[in-house]
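One is the number of the first residue; the rest follow in order along the sequence. Everything numeric here is computed off the predicted structure, so don't read it as measured data.
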Amino acid sequence: MAAPGPGEYFSIGSHVSCLTCLGQRLQGEVIAFDYQTKMLTLKCTPSSGKPNLSDVVLVNLAYVSEVDVINDRTGTPPPLASLNFNKLANRARAEKEDKLTQAYAVSAGVSVEGQLLFQTIHKTIKDCKWQEKSIVVMEEVVITPPYRVDDCRGKEGSALAHVRKIVEKHLRDVESQKSVQCAPVQHTQKDSALSA
């Protein structure tokens, strides 16, 4: 492959504007560019609105109709930020464990309701695991299918009460989501019945 010609590369630290084939305008600072794959990485203003954060966007230039260099950086790029590799490794390990837990639940034939409840509990209490199709929380509370409040078993105390509250709130949230999803359908059926 020939060396890139003028206008075919982007300097780190330059500010560019791209128009995608979907008509979306992206603008940001170039933080990486790979000539062979034509992948451009931009640091853009945060969509969250938080000033201390940035959105990082990967742009495939094969799907870009227009690229304008707003401000070309010709000097030496700024040094890369240091990374905490221990923190990254711990985060990767935790994510892997979460994915393996989800995979176990699917392979064990756990219902979708059970999987969702497990995820809800795990957000609050990290010490939970599967024991066949039952959820074991803090080695003290066991929740068996069909995963209702009455299916929570364990020694009476604060742990059992706390888990029951989490299950109860989860079930209320699921019901409210179902009623919101069903409401427009019921409304449409009423309208069609009135117009008939």
Roughly how far, to the nearest 0.5 Å, is the CG atom of Leu42 from the SG atom of Cys18? 5.5 Å
Measure the CZ-CD distance between Arg172 and Gln177 for me, rounded to the nearest 0.5 Å. 13.0 Å
Pi-cation contact, Tyr35 with Lys38 (under 6.0 Å, within 45°): yes
For Asp173, salt bridge (charged side-chain N to carboxylate O under 4.0 Å, His left out) partners two or more places apart: Lys169
More than 12 non-hydrogen atoms from neighbouring residues, nucleotides or ligands closer than 6.0 Å to CD on Glu66, yes or no? yes
Any donor-acceptor pair under 3.5 Å from Arg153 side chain to Asp150 backbone: yes
Would a single hydrophobic cluster contain both Ile12 and Val56, if residues Ile, Leu, Val, Met, Phe, Trp and Tyr are joined by side-chain heavy-atom contacts under 4.5 Å? no
Taking Arg73's backbone N and O only, do any of them form a donor-acceptor pair with Ser14's side chain (distance below 3.5 Å, no angle check)? yes
Pair Glu156 + Arg164, salt bridge at N-O below 4.0 Å: yes
With sequence neighbours left out, what residues match Asn60 under side-chain contact (heavy atoms from CB on, under 4.5 Å)? Met39, Ala62, Tyr63
Within-4.5 Å side-chain heavy-atom neighbours: Leu83 and Leu88: yes
Under 4.5 Å between side-chain heavy atoms, hopping through other hydrophobics if needed: is there a path connecting Leu19 to Val67? no
Nearest 0.5 Å please: distance from the NE2 atom of His170 over to the CD atom of Glu175. 10.0 Å
Please answer whether the main-chain N or O of Lys87 pairs with a side-chain N or O of Asn90 as donor and acceptor at a distance below 3.5 Å. no
Using a strict 4.0 Å threshold on nitrogen-to-oxygen distance, state whether Glu97 and Arg93 make a salt bridge. yes
Could you tell me which non-hydrogen atom of Cys44 sits nearest to which non-hydrogen atom of Gly28, and how far apart they are? SG-CA, 4.3 Å
Distance col, row Asp34:CG vs Leu58:CG, nearest 0.5 angstrom, shows 11.0 Å
For Glu132, give me all partners under salt bridge (charged side-chain N to carboxylate O under 4.0 Å, His left out), at least two apart in sequence or on another chain. none
Side-chain donor-acceptor pair present, Arg25, Ser17, cut-off under 3.5 Å: yes
Report the distance from atom OG of Ser48 to atom CG of Asp55, rounding to the nearest 0.5 Å. 6.5 Å
Group every Ile, Leu, Val, Met, Phe, Trp and Tyr by side-chain heavy-atom contacts under 4.5 Å, then state whether Ile70 and Val64 land in the same group. no
With sequence neighbours left out, the residues meeting salt bridge (charged side-chain N to carboxylate O under 4.0 Å, His left out) with Lys126 are none
Beyond-backbone contact of Thr45 with Ser54, side-chain heavy atoms, under 4.5 angstrom: no
Who are the salt bridge (charged side-chain N to carboxylate O under 4.0 Å, His left out) partners of Lys129, not counting sequence neighbours? Glu139
Do Val30 and Leu40 touch side chain to side chain, with heavy atoms closer than 4.5 Å? yes
If hydrophobic residues (ILVMFWY) are linked whenever their side-chain heavy atoms come closer than 4.5 Å, directly or via other members, who joins Ile125 in its cluster? Tyr104, Val110, Leu117, Phe118, Ile121, Trp130, Ile135, Val137, Met138, Val141, Ile143, Tyr147, Val149, Leu160, Val163, Ile166, Val167, Leu171
Using a strict threshold of under 4.0 Å (side-chain N to carboxylate O), is an ion pair present between Glu95 and Arg91? no
Would Phe10 and Val16 satisfy side-chain contact (heavy atoms from CB on, under 4.5 Å), going step by step from the backbone distance to the final call? CA-CA 9 Å; Phe10 299 93; Val16 298; 3.9 Å; yes
Separation of His15 NE2 from Asp68 CG (nearest 0.5 Å): 14.5 Å
Would you say Ser11's side chain and Asp72's backbone share a donor-acceptor pair under 3.5 angstrom? no
